[in-house]
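Have a look at the structure below before the remarks.
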Amino acid sequence: MRKRILAVAGYVAAALTLFVALSVPFVLMGGIAKAFAQAGFNLAPVYSGGTVARTIERNGYRIQVYQPVRPRPFQNGEPFVQVAFVPASALPAQICEEIDLDGYGRPDVRVSFAVPSNPQTPMRGDVQALNDRYDTLTGIGADSYSRFLARTGDRIVLRIPLPRHD
Amino acid sequence: MTILPFTMAAGEALALGFATGPVCVATCGPVVVPWMLAQSEGVRRHGLQLGLFMTARLTGYLLFGAAVWLAGAAIPRAWTGRSWLLGAVQVLLAVSLAAYPTGWPRRRPKCAQRPEPLVQIGEPMRGKARSALALGFLTGINICPPFLVAGVRAVQLDSLSASLLFFALFFVGTAVWFLPLLSLGLLRRTPAVVTVARAAALLLACWYGFSGVLVLIERVIYG
Amino acid sequence: MSAPAFRSVGRSMLLTVPMALWSLLMFTPSFLHAGPDSRIACGVVAAFMTVLFYQMMRTGTTYRWRRYFFVALGLLFPVGFIASLVAVRGSMSIPIERMVSGDTPFCYMVTPMLIIPAALTRTLIFPGSILPTASNPHSIAAMIGIWLAMTLVLGKAWCSYACFFGGIEEGFAALPKHARIRKLDPRFRLAPWAILLAVVLLSAVMFEPVYCMWLCPFKTVTEFPAVRDAETALQFGIFVALFLGLVVALPLLTKKRTQCGFFCPFGAFQSLFNKINVFDIRFDRTKCVDCGSCRSACPTMAITAESVREGKTLLNCMKCGACVDSCKKDAAVWHVKGTAVAGKPERARLLFLYGAWAMATMFGGSVLAHGVATLIHFVARN
């Protein structure tokens with residue numbers, strides 16, 4: 001009797017597996033993807049740049065200053081703060097902005113770069129420190145996760161290294 | 001320097017430890033998990049071994065707490081000596097992790113005894129106190145950022161004993177997160193499980209050794 | 001040597017009809033909306049998958065026909081993938097801008113390394129995008145959806161019917177007539193578990209996918225972080241060395257899937273799903289003569305003398321069917337858990353194959369079609 005029950009259960013499970021297989025492209029994989037997307041995960045800040053701390057409105061575009069990103073105890077990389085200029089298509093040909101990075105009401109750096117008309121063109125820019133908390137950087141490009149200036153999609157992303165002892 | 005009432009500091013120590021506990025477990029995980037899996041099963045045996053590990057870890061914490069208080073200043077994050085210490089600790093961790101599965105240092109065999117195989121893969125070994133103590137102490141003095149934050153607070157206390165008590169409470173806050181590791185004692189220890197754990201320990205030893213040597217080379221080159 | 005007929009032509013075709021209809025269903029949308037290259041590719045691949053399934057029905061064997069599909073998948077996936085990379089960004093290397101913009105396609109092999117950081121901090125340690133975008137349809141959510149849905153059907157058979165890397169070494173393993181290295185330490189098959197444990201723990205500490213950054217041999221035929229300093233040069237060197245060693249040289253010498261069986265941590269992770277999968281391979285002890293041909297045939301050493309005595313394979317069995325097809329006494333059989341061993345093995349095989357081949361056609365078939373379309377486009381253009 002027990003053997004019979006187990007056998008029936010086995011075949012029922014096999015049939016269910018077949019049913020699941022048929023539902024994969026129509027229901028299951030999309031359903032799992034949707035559930036996963038809504039589960040509240042975030043990308044690691046070293047890749048995403050973290051969360052936006054404040055937005056500065058300009059004429060036709062905005063500057064998003066992000067929360068500082070600090071590497072985990074054994075993670076490679078330097079701490080940085082990301083600044084995004086959005087949308088890239090609305091930016092003037094030359095950007096020269098003084099930006100308050102830490103939210104204390106005083107500009108910390110002066111950022112300057114040319115916005116290329118071709119989105120594929122590599123970018124180079126300068127970051128001049130306005131106080132001794134930051135370092136002046138010249139010719140910054142897509143160098144590393146923490147020293148970065150490039151167009152990504154319809155925004156220009158700049159990452160400025162923070163002092164390690166911050 | 002502000003002298004904090006210790007009652008406030010005690011609550012802060014526990015909260016800081018509890019908040020950073022997952023980071024501690026994740027950081028210690030590569031050291032603790034393969035080492036525990038390579039031992040014979042039994043929650044009681046694991047409790048003893050984990051207890052030894054945590055005791056040695058606490059010793060590291062207390063040593064650090066005493067050192068910062070006596071120095072009279074918190075260790076700044078920019079302290080270049082931190083890299084030397086980190087590199088050295090990682091190399092020592094690598095040696096300790098590799099020593100356990102390879103059965104090093106090896107006892108000289110008695111005359112009629114077969115020599116021990118070079119790599120002890122496949123048989124559960126009884127937990128060795130010296131490996132628990134070495135691994136626990138080395139993870140205890142691994143100076144990671146939550147540790148440094150605790151150091152900043154401890155320096156502001158008015159006595160050495162207060163600093164030590166602060167670090168002890170910080171330790172207790174992190175230690176709570178290690179309790180679930182006792183469940184590893186329930187896992188059945190087949191030769192396959194022990195082999196996997198030891199091989200993983202050897203791989204991780206290679207990683208820590210490689211990482212530690214890189215840090216030391218960077219220090220030598222860049223100063 | 002041709003496989004002996006097991007079933008009549010008529011019955012074989014009848015059993016193939018559902019799979020032919022499934023192929024039509026899977027390929028018709030692409031066929032209707034794509035250009036001439038893709039239409040030809042869809043037709044070719046649909047016919048290919050249907051013919052292979054027919055052969056499985058006609059001959060009563062599985063491994064050989066499945067291998068044709070799997071090797072084709074291993075060869076054509078890089079063709080289509082690399083062509084797409086070169087078309088979009090001019091090279092196989094991933095510039096850092098792509099990682100910051102979240103345009104890195106998600107590879108299912110990262111999945112085990114995501115678990116601890118996601119569980120503890122709700123953070124995904126992969127430079128992709130969670131939702132599909134115009135520039136990255138292979139988002140994390142989409143690929144997790146595909147992987148998990150298919151794993152519920154296949155279990156570890158993912159490594160025989162879905163993984164688009166395993167076919168490369170299976171192809172190399174099939175080339176020599178005999179193995180030059182016959183004796184392999186059985187503990188090697190535990191190495192993937194050790195690597196899995198190590199990379200999962202390290203990824204939680206480093207907060208990056210350690211296997212992908214340092215150990216994946218298949219970066220050599222897909223994409224890799226752009227070489228810009230000593231560290232990335234070392235990483236690339238390791239990828240190439242592992243590929244040449246584990247995917248090319250050792251399969252040629254041993255006739256085993258050495259990367260899959262002795263290295264891949266994702267394979268070890270996927271083995272866990274065999275515990276909940278209802279299909280497995282068993283050994284009928286009343287028929288088994290302990291000749292060892294199943295052990296020799298198994299590409300990943302998932303069968304030992306002890307496991308045969310217990311009547312089953314090890315947890316890392318990928319249900320490729322090699323042991324069943326090699327057994328001269330019909331002692332190795334397909335099995336549905338809970339049922340009698342060797343009660344109705346062909347029924348078990350059919351139930352398994354319909355699900356597995358449906359997944360292979362849906363997922364692998366689309367990859368094959370993309371690869372074939374790329375080749376047609378390349379040939380037509382030149």
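Computed from a predicted model, the values in this text were never measured in an experiment. Atoms considered below: every heavy atom in the structure, side chains included; atoms not considered: hydrogens, waters and symmetry mates. Numbered from 1 within each chain, the chains take letters A, B, ... in sequence-line order.
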| query | More than 12 foreign heavy atoms under 6.0 Å from CZ of B:Phe178: is that the case here? | reply | yes

| For C:Leu190, is it the side chain, the backbone, both, or neither that has a heavy atom closer than 4.5 Å to a heavy atom of chain B? | both

| Top residue by heavy-atom pair count (under 4.5 Å) with chain C, among B:Val25, B:Leu214, B:Leu204? | B:Leu204

| Taking every non-hydrogen atom, the tightest pair across B:Ala197 and C:Leu197 | CA-CD2, 4.5 Å

| request: Enumerate by number any residue of residues 210-220 of chain C whose heavy atoms lie under 4.5 Å from heavy atoms of chain B; in the absence of such residues, state 'none'. | output: C:Val210, C:Trp214

| message | Quick check on the interface: out of C:Ala268, C:Ala194, C:Ala191, who has the most heavy-atom pairs with chain B under 4.5 Å? | response | C:Ala194

| note | Across all chains, not counting sequence neighbours, the side chain to side chain donor-acceptor pair (under 3.5 Å) partners of C:Thr232 are C:Asp229

| message | Between C:Leu196 and chain B, with a heavy-atom cut-off of 4.5 Å, which part of the residue counts as in contact: side chain, backbone, both or neither? | response | neither

| message | Take a 6.0 Å sphere around NZ of C:Lys337 and say whether it holds more than 12 heavy atoms from other residues, nucleotides or ligands. | response | yes

| message | Counting C-beta onward and ignoring hydrogens, is there a side-chain heavy-atom pair between C:Leu201 and B:Pro34 closer than 4.5 Å? | response | yes

| query | Given that the side chain runs from C-beta out, which part of B:Leu37 has a heavy atom under 4.5 Å from chain C: side chain, backbone, both or neither? | reply | side chain

